[in-house]
Protein chains: 2
Amino acid sequence: MKFKNDRPIYIQIEKFIRENILKGKWGSDDRVPSIRELAVDMEVNPNTVMRAYSELQDQDIIYNKRGIGYFINENARKKVMQQSKKNFLQKQLPQVFNQMELLNINFNELEEYYREYETKGEDNETIK
Amino acid sequence: MKFKNDRPIYIQIEKFIRENILKGKWGSDDRVPSIRELAVDMEVNPNTVMRAYSELQDQDIIYNKRGIGYFINENARKKVMQQSKKNFLQKQLPQVFNQMELLNINFNELEEYYREYETKGEDNETIK
DNA sequence: ACTAGTGTATTAATGACATATAACACTAAT
DNA sequence: ATTAGTGTTATATGTCATTAATACACTAGT
């Protein structure tokens, strides 16, 4: 997996996990890849993966069975959805709208870009 | 000035300068605050401000007269506008649209949020 | 009991960042 | 000439986040 340079790797791994939960790839009590497995897969140190998992565990997104692995929590999807939506509405969107002001982009333009994006990325199956 | 904790201060200072250029607060050949002045103002070490200014100078946004100060470059606004717009279209927007997919937010909803934002922040004078 | 696979914990190495100092050089105003 | 204000350069320091290395402990299956 390729990581961006401007954010900690463990944060990007966290995001990866969250997205898979949102996409429905992993449901309640499904097992997520083991720390070592994911570390190899992503070409990263196991501790880096562990840090991501620890954070997710602290937030009750995943839970752990010692010696066995990590698993998706009961209400993980709901929780991730809420967190993401909150972040989207309170952080991301205001920044975007603010930037639009600075760049003199109105809502009609935004719609054009949206339609464009919609057309381009026509590979949306949500759940495979 | 209050800084966020998740980005280097010198990057945030850079952003501050760029935004003031976009807003029209500083035009061609206007002088920006001196390194020492801005450092005091923002309660930060002069070297931190200098780092921001150096970056901006490397990108031909500002230029320097030794012993006198830093000034806004001829085509600074145009340049910043281009850079910001490129970043907006190629980075920010795709992320937002992607996030909308994950959160099942359609374009009509987005419009609602936009109208809401439009109403709330009715203190837009662009140039004072 | 053994083994392979899992997580846990401690410590170390590295690098980015911000700060603190200080000495220096240039410019404008007096 | 002097002074005050500017930028320039260099060095040292401390802190913190991130990642890596390593040894340890638990669990299941045989």
Side-chain angles (χ1 to χ4, degrees), chain A residues 1-18 20-21 26 28-74 76, chain B residues 1-18 20-21 25-74 76:
Chain A
M1 180 164 173
K2 68 167 177 45
F3 296 103
K4 290 181 184 172
N5 219 1
D6 67 338
R7 299 221 158 280
I9 292 179
Y10 77 92
I11 296 283
Q12 298 182 53
I13 294 177
E14 253 195 88
K15 186 178 172 187
F16 169 78
I17 302 293
R18 287 174 198 280
N20 276 332
I21 291 174
W26 298 323
S28 287
D29 296 318
D30 280 356
R31 184 165 172 280
V32 299
S34 82
I35 287 182
R36 283 177 174 81
E37 192 182 347
L38 193 56
V40 171
D41 204 50
M42 296 191 158
E43 294 174 294
V44 133
N45 190 287
N47 285 319
T48 307
V49 177
M50 181 160 99
R51 183 147 185 194
Y53 279 18
S54 290
E55 298 257 329
L56 290 167
Q57 187 175 30
D58 288 347
Q59 296 170 46
D60 294 320
I61 308 297
I62 61 182
Y63 65 94
N64 164 260
K65 289 184 186 172
R66 193 185 175 102
I68 305 185
Y70 280 92
F71 300 81
I72 302 289
N73 224 319
E74 180 74 14
Chain B
M1 180 163 174
K2 67 169 178 48
F3 296 103
K4 290 181 183 173
N5 218 2
D6 66 337
R7 299 220 157 282
I9 292 179
Y10 77 91
I11 296 283
Q12 298 182 54
I13 294 177
E14 254 193 88
K15 186 178 173 188
F16 168 78
I17 303 293
R18 287 176 200 280
N20 276 332
I21 292 174
K25 181 170 174 183
W26 298 322
S28 287
D29 296 318
D30 279 356
R31 184 165 172 279
V32 298
S34 81
I35 288 181
R36 285 177 174 84
E37 192 181 347
L38 193 56
V40 170
D41 204 50
M42 295 190 159
E43 293 175 292
V44 134
N45 192 285
N47 286 321
T48 307
V49 177
M50 185 160 97
R51 186 153 182 194
Y53 279 17
S54 290
E55 297 256 329
L56 290 167
Q57 187 174 229
D58 288 347
Q59 297 169 45
D60 294 319
I61 306 297
I62 60 182
Y63 64 94
N64 165 260
K65 290 183 185 171
R66 193 188 176 99
I68 304 186
Y70 280 93
F71 299 81
I72 302 290
N73 225 317
E74 180 74 15

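In what follows, every chain begins at residue 1, and chains take the letters A, B, ... in the order their sequences are listed.
Distances shown here put every side-chain N or O of B:Arg51 at or beyond 4.0 Å from the OP1 or OP2 atom of C:dA16. A sub-4.0 Å separation between OP1 or OP2 of D:dT8 and a side-chain N or O of B:Tyr70 is present. Side-chain N/O atoms of B:Thr48 include none lying less than 4.0 angstrom from OP1 or OP2 on C:dC17. OP1 or OP2 of D:dT6 has at least one side-chain nitrogen or oxygen of B:Ser34 nearer than 4.0 Å.
Atom P of nucleotide D:dT8 and atom CD of B:Gln57 are separated by 6 Å, given to the nearest angstrom. Separating the CZ atom of B:Arg36 from the C1' atom of C:dA23 is a distance of 12 Å, rounded to the nearest angstrom. When the C1' atom of D:dA25 is taken as reference, atom CD1 of A:Ile35 falls 14 Å away, rounded to whole Å. Between the P atom of C:dC17 and the CZ atom of B:Arg7 lies a distance of 11 Å, rounded to the nearest Å. Summarising the geometry, the separation between CD on B:Glu14 and C1' on C:dA18 is reported as 16 Å, rounded to the nearest angstrom. Here C:dA25 presents its P atom at 18 Å from CD1 of B:Ile68, a figure rounded to the nearest Å. Between the CD1 atom of B:Ile13 and the P atom of C:dC17 there is a distance of 13 Å, given to the nearest Å. Here the P atom of nucleotide C:dG7 and the OH atom of A:Tyr53 are 8 Å apart, to the nearest Å.
Ranking D:dA20, D:dG7, D:dA25 by closeness to the A:Arg66 side chain, first place goes to D:dA25. With D:dG7, D:dT9, C:dA18 as the choices, the nucleotide that has an atom nearest any side-chain atom of B:Asn47 turns out to be D:dT9.
In this structure, A:Pro8 and B:Glu37 both approach DNA chain D, and ranking their closest nucleotides by distance from the 5' end singles out B:Glu37. Residues A:Glu43 and B:Ser54 both approach DNA chain D. Their nearest nucleotides, taken by heavy-atom distance, put B:Ser54 toward the 5′ side.
Residue B:Asn64 is classed as a sugar-phosphate contact, given heavy-atom separations below 4.0 Å to backbone atoms only. B:Tyr10 comes within 4.0 angstrom of sugar-phosphate atoms only, judged by non-hydrogen atoms across all strands, and of no base. Using a 4.0 Å heavy-atom distance criterion, A:Arg31 is classed as a sugar-phosphate-only contact.
Using a distance-only test at 3.5 Å, with no hydrogens or angles considered, no donor-acceptor pair links the side chain of B:Asn20 to the main chain of B:Ile17.
In this structure, B:Tyr53 and B:Leu38 have side chains that are in contact, with non-hydrogen atoms separated by less than 4.5 Å.
Using bins of under 30°, 30° to 60° and over 60° for the plane-to-plane angle, the ring pair B:Tyr63/B:Phe71 lands in the parallel bin.
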- Message: Working note: B:Ile72 + B:Asp29, criterion side chain to side chain contact (heavy atoms under 4.5 Å, CB included); need CA distance, chi angles, decisive distance, verdict.
- Response: CA-CA 5 Å; B:Ile72 302 290; B:Asp29 296 318; over 6 Å; no
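The distance from the OH atom of B:Tyr10 to the NZ atom of B:Lys15 is 14.5 Å, given to the nearest 0.5 Å.
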